[in-house]
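Just so it is clear: chains get the letters A, B, ... in the order the sequence lines come, proteins before strands, and each one is counted from 1. What you are looking at is a predicted structure, and each value in this text was computed from that prediction instead of being measured.
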2 protein chains.
Amino acid sequence: MRNTTSSTMTDRADGGVSRLWNTVVGNDTAFLLARANALSLSAANAALEPYGLKVRSYSVLAIAVEGVRPTQRELSDFLRLDPSQIVSLIDELENAGLATREPAQNDRRVNVVAPTEQGRKVFRHAREATQRAERECFAALDARDRARLKAMLSTLSALDSAPG
Amino acid sequence: MRNTTSSTMTDRADGGVSRLWNTVVGNDTAFLLARANALSLSAANAALEPYGLKVRSYSVLAIAVEGVRPTQRELSDFLRLDPSQIVSLIDELENAGLATREPAQNDRRVNVVAPTEQGRKVFRHAREATQRAERECFAALDARDRARLKAMLSTLSALDSAPG
DNA sequence: TATTGTTATACTCTATAACTATA
DNA sequence: TATAGTTATAGAGTATAACAATA
């Protein structure tokens, strides 16, 4: 016997939770945003797992691979992570042989992050995996909606630290 | 002297980070989603702070106030939190005098969460505060875009545990 | 035998302050 | 005096397993 006694609350396929969607919370944009992000995040992390990466380390690697030669401080500001978190993030990448710290020319305090050859290679595959995951994650939206969504999210993100 | 030596990377108003937006990462929907969510989340938490609430406890309180009489298991499923996390969440609300555990009629294993009078009162004010914060947070979008965004996020969230 | 709520534990994440070396 | 990176530490958040009461 399962869930036959209190039929009104628990006889749905999803465990009887659907009725909770009909609340202020289930109709709140911020809540839906958090939920969508959680789904997207765990999909991305799952896709990156085979490469020993997470979204954090992947982001750093991605920026490094583009040849932007970011300083740790820039990564801290851009990714909104504490400088100390960047340290361990780059330690990870260095220990995995994917990136290195290089001293900046003009300022001996500054480190710049550069990818190794293996870093570039791993990144190419990891990127494919995340893009595949992202396609699946946003497959419920058509191309125009996906573009709209991206534009809106970009607008919202821009409020904080303006791109361009 | 500040940031005049390596002018190409650090002479912008935002700390020179804007150049990092022109990367794969800065153009990634999942990344923008995470950023937008972080902004929305911290705005909501800031708005709730005066009431001794966070988004988590606020969500539980909101559901309770609607009279849905959710079980802890339902809250766990709906909010995608471990049952043990629900325990401490409700402990918080109970200690603050905002909600109580009530035994379910048909199943003596089950607790149901109900608001206190003070819980209802606090929620009304907290709700106003979060709505104000949400309005500010999404003010960069016009009404139609906000509606579109909400609909899209709802679609994405629905993939996981379907509402309705 | 399965489920609800609970406790305990460990692990990750996050935030903070203090330290060094450079500027 | 201020900044880049580092270290250490404590707090919050998360995941897991084991347990008692009940079904």
Short of 4.0 Å, heavy atom to strand atom, which residues of residues 48-60 of chain B count as contacting DNA chain D? Lys54(B), Arg56(B)
Output yes when Glu92(B) and Lys54(B) qualify as a salt bridge under the 4.0 Å nitrogen-oxygen rule, no when they do not. no
Answer with yes or no after comparing the ring centroid distance for Phe31(A) and Phe78(B) against a 6.0 Å cut-off, counting only values under it. yes
Rounded distance in Å - CG (Asn106(B)) to P (dT4(C)): 14 Å
Separation of Arg108(B) atom CZ from dG5(C) atom P, in whole Å? 15 Å
Ala140(B) and Thr155(A) have their tightest heavy-atom pair at CB-CG2, 3.7 Å
Would you mind reading off the distance between Gln105(B) atom CD and dT22(D) atom C1', rounded to a whole angstrom? 16 Å
Indicate for each nucleotide in nucleotides 5-11 of chain D, in 5' to 3' sequence, whether protein heavy atoms under 4.0 Å reach the base (B), only the sugar-phosphate (S), or nothing (-). BBBB---
Let me know the distance between CG of Leu81(A) and P of dA15(C), rounded to the nearest Å. 9 Å
Give the rounded distance in Å between these two atoms: CG of Asn45(A) and C1' of dT12(C). 12 Å
When clusters are formed by joining ILVMFWY residues with side-chain heavy atoms under 4.5 Å apart, either directly or through shared neighbours, do Trp21(A) and Leu61(B) land in the same one? yes
Are the charged groups of Glu102(B) and Arg69(B) less than 4.0 angstrom apart, N to O? yes
What about the rings of Tyr51(A) and Phe123(A), do their centers lie closer together than 6.0 Å? no
If you measure from the Lys or Arg side-chain nitrogens to the Asp or Glu carboxylate oxygens, is any gap between Asp142(A) and Arg144(A) under 4.0 Å? no
Rounded distance (Å) that lies between atom P of dT14(D) and atom CG of Leu41(A): 11 Å
Apply the side-chain contact (heavy atoms from CB on, under 4.5 Å) test between Leu75(B) and each candidate in Ile63(B), Leu81(B), Val68(B); give the one that qualifies. Ile63(B)
